[in-house]
Student: 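First, the structure itself, so that you have it in front of you.
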2 protein chains.
Amino acid sequence: MHQRNVIMFSKSCEYAIKAMIFVAQKSSEEQRIGVKEIAKGTDAPEHFIAKIMQDLSRRKLIHSIKGPNGGFYMDSHDLKNSIADIVKAIDGDSIYTDCVMGLKACSEKNPCPVHFEYKEIKKNLIKMIEHNTLAEFKEKLESGKFFLKNK
Amino acid sequence: MHQRNVIMFSKSCEYAIKAMIFVAQKSSEEQRIGVKEIAKGTDAPEHFIAKIMQDLSRRKLIHSIKGPNGGFYMDSHDLKNSIADIVKAIDGDSIYTDCVMGLKACSEKNPCPVHFEYKEIKKNLIKMIEHNTLAEFKEKLESGKFFLKNK
DNA sequence: ATTTTAAAAGATATTAAGGTCTTAATATAT
DNA sequence: ATATATTAAGACCTTAATATCTTTTAAAAT
């Protein structure tokens with residue numbers, strides 16, 4: 001048996017989603033959040049999350065400014081991004097395209113044994129990640145009904 | 001971006017599921033299937049699938065006999081196993097227990113931001129793997145409506 | 001009993017994911 | 001202008017998953 005099985009998202013992607021939600025909550029154009037704070041707020045290793053933030057920044061999902069009082073922040077446009085946008089940036093679109101059995105040839109006309117059943121599940125999965133935007137999380141989390149931290 | 005993202009099942013587990021379906025179809029107490037044939041029938045590397053078959057055998061999901069005319073086969077009891085049983089044997093029960101965001105502390109009382117939405121999806125996912133038994137696949141595949149091969 | 005065949009077991013190799021550290025670039029404050 | 005703080009980039013390390021190869025064990029056929 002294997003140690004850890006990735007369900008849905010890679011570890012990088014999990015960190016990315018948590019970091020984005022964290023920054024969405026705390027930041028503004030004036031108030032930027034540094035890597036150290038993000039690492040603490042999301043229980044992620046500092047240098048590793050730094051790499052991930054770079055990716056997200058390069059892909060224009062978040063803004064960054066170097067130097068004193070620098071850090072990461074989101075503008076109102078960034079807040080419109082959904083979990084799906086983060087997943088696509090970090091893990092690619094395999095969640096949209098891949099057969100759950102890993103069959104490259106699997107399709108509507110050449111379906112694997114669970115193709116049609118999984119199709120429905122996948123639809124709901126995609127709905128879930130697409131309709132949850134960072135702006136909505138900001139609201140949800142402010143209400144105190146949800147949690148991000150792991151300890 | 002990462003090369004390959006595991007959705008749901010590890011590669012080993014994908015091979016295991018395919019191999020079990022393959023043997024379910026072809027084998028009987030008298031007619032055993034060897035590793036080479038399984039590897040060909042599922043597009044899996046021979047030595048790798050051999051390891052996986054060992055695991056499945058050790059966990060009593062399949063029967064094996066050594067020596068001339070030896071190989072793997074299933075009895076009627078083995079055919080009652082579901083995909084879920086295979087997944088649990090190879091990947092463990094993380095699909096049942098883990099938070100989709102990877103949060104160890106996530107629970108009904110301390111939910112992550114997508115906890116309740118994912119709960120429904122997870123329920124359907126579990127239903128899918130639990131209600132599909134090897135015996136049912138045997139029927140389905142015999143009807144020629146589904147495929148396993150990848151090329 | 002001996003030989004043959006095939007799985008079981010174990011050792012080793014490769015690749016990808018995850019994680020750390022060092023240096024460079026750059027924005028800001030002084 | 002200079003010093004400082006902070007992200008960006010790149011090199012490197014570690015671990016787990018995936019894959020391969022070799023040796024051992026055991027069943028069956030002769």
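Below, read A as the first sequence line, B as the second, and so on, with proteins coming before strands; counting in each chain starts at 1.
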Student: Between dT20(D), dG18(C), dT18(D), which nucleotide has the shortest distance from any of its atoms to the side chain of S12(A)?
Tutor: dG18(C)
Student: Just the rounded figure in Å: distance from P of dA7(C) to CD1 of I33(B).
Tutor: 10 Å
Student: Take atom CG of D43(A) and atom P of dG18(C), then tell me their distance rounded to the nearest Å.
Tutor: 17 Å
Student: Below the 4.0 Å mark, does dG18(C) have OP1 or OP2 next to a side-chain nitrogen or oxygen of Y15(A)?
Tutor: no
Student: Find which nucleotide of DNA chain C each of G34(B) and K51(B) is nearest to by heavy atoms, and output the residue with the more 5' nucleotide.
Tutor: G34(B)
Student: Looking only at heavy atoms, which two atoms of M53(B) and I62(B) are closest? And how far apart?
Tutor: CE-CD1, 3.7 Å
Student: Under the rule for salt bridge (Lys or Arg N to Asp or Glu O under 4.0 Å), what residues qualify as partners of K40(B), not counting sequence neighbours?
Tutor: none
Student: According to ring pair (Phe, Tyr, Trp, His ring centres under 6.0 Å), who are the partners of H115(A), at least two apart in sequence or on a separate chain?
Tutor: none
Student: Ignoring backbone atoms, establish whether S10(B) has a side-chain N or O less than 4.0 Å from OP1 or OP2 of dA17(D).
Tutor: no
Student: Rounded to the nearest Å, what distance is computed from the CZ atom of residue F48(A) to the P atom of nucleotide dA8(D)?
Tutor: 16 Å
Student: Please list, chain by chain and in numerical order, all residues satisfying ring pair (Phe, Tyr, Trp, His ring centres under 6.0 Å) with Y118(B), sequence neighbours excluded.
Tutor: none
Student: For R59(A) and A89(A), which heavy atoms make the closest approach, and how far apart are they?
Tutor: NE-O, 3.3 Å
Student: Quickly work out the I52(B) CD1 to dT20(D) C1' distance and round it to whole Å.
Tutor: 13 Å
Student: Distances for protein N/O vs nucleotides 24-30 of chain D N/O pairs under 3.5 angstrom?
Tutor:
| residue | atom | partner | partner atom | Å |
| --- | --- | --- | --- | --- |
| dT25(D) | O2 | K66(B) | NZ | 3.4 |
| dA26(D) | O4' | K66(B) | NZ | 3.3 |

Student: Give a yes/no answer on whether the side chain of S57(B) brings an N or O atom under 4.0 Å of OP1 or OP2 in dA8(C).
Tutor: yes
Student: In whole angstroms, how far is the P atom of dA17(C) from the CD1 atom of I49(A)?
Tutor: 17 Å
Student: Can you name the ring pair (Phe, Tyr, Trp, His ring centres under 6.0 Å) partners of F146(B), sequence neighbours left out?
Tutor: none
Student: Please state whether the base of dA7(C) and the side chain of Q54(B) form at least one donor-acceptor pair under 3.5 Å?
Tutor: no
Student: Distance check needed: dA9(D) P versus L56(A) CG, whole Å only.
Tutor: 13 Å
Student: Without decimals, in angstroms, what is the distance between M53(A) CE and dG18(C) P?
Tutor: 17 Å
Student: Rounded off to whole Å, could you give me the NE2-to-C1' distance for the H63(A) and dA27(C) pair?
Tutor: 15 Å
Student: List in chain and number order the residues that pass ring pair (Phe, Tyr, Trp, His ring centres under 6.0 Å) with Y15(B), two or more places apart in sequence or in another chain; answer none if no residue qualifies.
Tutor: F48(B)
Student: Looking at dT18(D), dT20(D), dG19(C), which one has an atom nearest to any side-chain atom of H47(B)?
Tutor: dT20(D)
